[in-house]
Number of protein chains: 2
Amino acid sequence: MTSSSSGPGIRPVTALPPGEVPEVVISRLPQYVRILSQLLDAGEEVTNSQQLGEQLQVTPAQIRKDLSYFGRFGKQGRGYVVRDLLRELKQILGLNSEWNVAVVGVGRLGNAILNYPGFNPDGFHLVAAFDNNLANVGREVGGVSVQPMAEMAQTVADRSISIAIVAVPSAHTQTVIDQLVACGIRAILNYAPINAQVPDGIRVRSIDPVLALQSMTYYLTEDGPSINGSTAAR
Amino acid sequence: MTSSSSGPGIRPVTALPPGEVPEVVISRLPQYVRILSQLLDAGEEVTNSQQLGEQLQVTPAQIRKDLSYFGRFGKQGRGYVVRDLLRELKQILGLNSEWNVAVVGVGRLGNAILNYPGFNPDGFHLVAAFDNNLANVGREVGGVSVQPMAEMAQTVADRSISIAIVAVPSAHTQTVIDQLVACGIRAILNYAPINAQVPDGIRVRSIDPVLALQSMTYYLTEDGPSINGSTAAR
DNA sequence: GACTGTGAAAAGTTTCACAGCT
DNA sequence: AGCTGTGAAACTTTTCACAGTC
């Protein structure tokens, strides 16, 4: 790696802290899990990096490299046993565990989330819901009884909740997230269009359809994206 | 730019095709727009890369570099005029235009999307909705009348729709996307948990809360992410 | 004095290409 | 023969650091 002919002294060659897996790699694993699940459902018993790459639109080399961070799951000359690789990846991601999830905010969006059937099949269980509007407290939404915010700490502890989905108005989001962090929550899925600040070690992912749309319009302008000065207004 | 003392020969130093802006840069611009809007609402007249970086949790250098792909928007020694930079970025992203958007699929999710008030303030107008379930056709949802799929091509053309939001079951998503592409749609926001295949030049962004959750559980396992047999310390 | 804009260095990520196992 | 696993190369993205400008 130190191929640079210059530089007389010691070069720190290992860029990555040993044992650390790049975050981009982690972010791709769930997609591998999904494809493997589909292959399993379709009755496929073996696959290979070529086939997986086609499904995901990435190069076979990338898939092999990603997997190599965790071990050697394939058989040379044959490929991967779908069921085995799926089990390994789920294990790595912690998807063999069941995860209890709290939803904070039971407005229109929170309601939709609590009624959405797509989380449970993947091992996520929405087991609690909180709202600061007393009119909502006590209501039954998606099989869960809405509790007041004051009960959050207790319930999070009692029910071993480690993940929260935040669906409150932007103005309240940072406060709610601070409360959740204080309760020991370490992963947050945020639906508000804001950039929440959290301490180190707390993971946040945001669902932000407006940002997604806005990052596409750039490519939609009449005659292609305008380049630095030339091609001005449309 | 200052020292234009170019080298002796022709060196392909620029790895990037000239005039091309990296996609990661584009994906950050909407966030800059959002922060600048907030600063403007808060009455701030000027800002700088330091302040923007704090809000977005990125380095000031990155912000300056990102902006430098498009021009020189700051004043040395002073920073950026909030209003001006905001206008420039909106221009670059095409957010000064109004965009007509179609929603395909008016089930629970499509309903929630059509009733969500968060798109319009940003210049996106949900002006049409389609569903293949005739029981839904003719219903009025979020101020839009649901049309049969068969009318899609006509309506997309008539109403200059260039963006679609797809909220149909996974099994139908690829078919619907193919139809949309055939109608001339070039940007798609997909809510189904699948990896859609589209021709070159068509942009797709997916909203996928399950993938987001699954990419966080890795970091939640009891004693830190396990590394290939051994266990990483925390 | 303060802050931008930007080449150049560093860090990170992807792809290549091939030895080696089945 | 077919495909993995992996060092090394190629490429991309971020960060540094400072000349230049206000």
Side-chain angles (χ1 to χ4, degrees), chain A residues 1-7 9-18 20-29 31-32 45-54 56-82 84-85 88-89 228-229, chain B residues 1-7 11-18 20-29 32 44-54 56-82 84-85 88 228:
Chain A
M1 224 178 246
T2 326
S3 56
S4 39
S5 38
S6 64
I10 311 98
R11 292 267 69 150
V13 199
T14 40
L16 209 61
E20 282 297 334
V21 181
E23 196 156 335
V24 284
V25 173
I26 301 301
S27 74
R28 280 191 294 262
L29 297 189
Q31 301 187 252
Y32 299 170
E45 300 198 343
V46 297
T47 186
N48 55 50
S49 60
Q50 176 79 45
Q51 183 181 24
L52 292 172
E54 275 162 22
L56 288 161
Q57 325 236 229
V58 301
T59 63
Q62 179 158 84
I63 287 171
R64 296 200 303 273
K65 181 62 112 178
D66 283 355
L67 297 178
S68 78
Y69 283 104
F70 302 98
R72 294 128 66 92
F73 305 122
K75 297 243 191 303
Q76 280 134 324
R78 303 206 192 292
Y80 305 90
V81 175
V82 173
D84 293 351
L85 182 55
E88 294 279 5
L89 290 181
N228 190 17
Chain B
M1 251 9 146
T2 22
S3 58
S4 45
S5 52
S6 35
R11 286 273 66 163
V13 198
T14 43
L16 209 63
E20 282 297 334
V21 180
E23 196 157 336
V24 284
V25 173
I26 301 300
S27 74
R28 280 191 293 264
L29 297 188
Y32 300 170
E44 305 273 349
E45 300 200 341
V46 298
T47 186
N48 55 51
S49 60
Q50 175 78 44
Q51 182 182 25
L52 292 172
E54 276 162 23
L56 288 161
Q57 324 236 232
V58 301
T59 63
Q62 179 158 82
I63 288 171
R64 296 200 303 274
K65 182 64 114 178
D66 283 355
L67 297 178
S68 78
Y69 283 103
F70 302 98
R72 293 129 66 93
F73 305 123
K75 297 242 191 303
Q76 279 132 324
R78 302 206 192 294
Y80 304 90
V81 176
V82 173
D84 294 351
L85 182 55
E88 294 279 6
N228 189 17

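Letters A, B, ... are given to chains in the order of the sequence lines, protein chains preceding strands, and every chain is numbered from 1.
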Exercise. Atom CD of Glu88(A) to atom C1' of dT4(D): distance rounded to whole Å?
Worked result: 15 Å
For this session: Can you tell me the distance, in whole Å, between the CD atom of Gln62(B) and the C1' atom of dT4(C)?
Result: 16 Å
Exercise. Does the side chain of Arg78(A) get closer than 4.0 angstrom to OP1 or OP2 of dC21(C) through an N or O atom?
Worked result: no
For this session: Please state how far atom CD in Glu20(B) lies from atom P in dT13(D), giving the value in whole angstrom units.
Result: 11 Å
Seminar exercise, completed: Sorted by chain and residue number, the salt bridge (Lys or Arg N to Asp or Glu O under 4.0 Å) partners of Arg28(B) (sequence neighbours excluded) come out as Asp66(B)
For this session: Starting from the 5' end of DNA chain C, give me the residue, Phe73(B) or Lys75(A), whose nearest nucleotide shows up first.
Result: Phe73(B)
Exercise. Excluding sequence neighbours, so at least two apart, what forms side-chain hydrogen bond (donor to acceptor under 3.5 Å, both in side chains) with Gln62(B)?
Worked result: none
Problem set entry | Contact nearer the 5' end of DNA chain C, comparing Glu23(A) with Gly79(B) | Gly79(B)
Exercise. Listed by chain and number, what are the side-chain hydrogen bond (donor to acceptor under 3.5 Å, both in side chains) partners of Gln76(B), not counting sequence neighbours?
Worked result: none
Exercise. Is Val25(A) close to Pro22(A) at the side-chain level, that is, under 4.5 Å between some pair of heavy atoms?
Worked result: yes
Seminar exercise, completed: Residues at least two apart in sequence or cross-chain that pass side chain to side chain contact (heavy atoms under 4.5 Å, CB included) with Gln57(B), listed by chain then number, are Asn195(A), Gln197(A)
Problem set entry | Qualifying residues under side-chain hydrogen bond (donor to acceptor under 3.5 Å, both in side chains), relative to Glu44(B), sequence neighbours excluded | none
Problem set entry | Nearest-nucleotide comparison on DNA chain D, the residue closer to the 5′ end among Asp66(A) and Gly77(A) | Gly77(A)
Seminar exercise, completed: Sorted by chain and residue number, the salt bridge (Lys or Arg N to Asp or Glu O under 4.0 Å) partners of Glu23(A) (sequence neighbours excluded) come out as Arg203(A), Arg205(A)
Exercise. Can you check the Ile63(B) CD1 to dT15(D) P distance for me, whole Å?
Worked result: 11 Å
For this session: Indicate the atoms forming the closest heavy-atom contact of Leu67(B) with Phe73(B), along with that distance.
Result: O-CE1, 3.7 Å
Problem set entry | Listed partners of Glu54(A) passing side chain to side chain contact (heavy atoms under 4.5 Å, CB included), at least two apart | Gln50(A)
For this session: Give a yes/no on whether any side-chain N or O of Tyr80(B) is located under 4.0 angstrom from OP1 or OP2 of dA2(C).
Result: no
Problem set entry | the helix from dG1(C)-dC22(D) to dT22(C)-dA1(D): angle between end helix axes, five pairs per end, rounded to 10 degrees | 10°
Exercise. With respect to the side chain of Ser49(A), which nucleotide from dT15(D), dT6(C), dT4(D) is positioned closest?
Worked result: dT4(D)
Taking N or O atoms only and anything under 3.5 Å, show me the protein contacts with nucleotides 16-19 of chain C, one pair per line.
unit_1: dA17(C); atom_1: N6; unit_2: Arg64(A); atom_2: NH2; d: 3.2

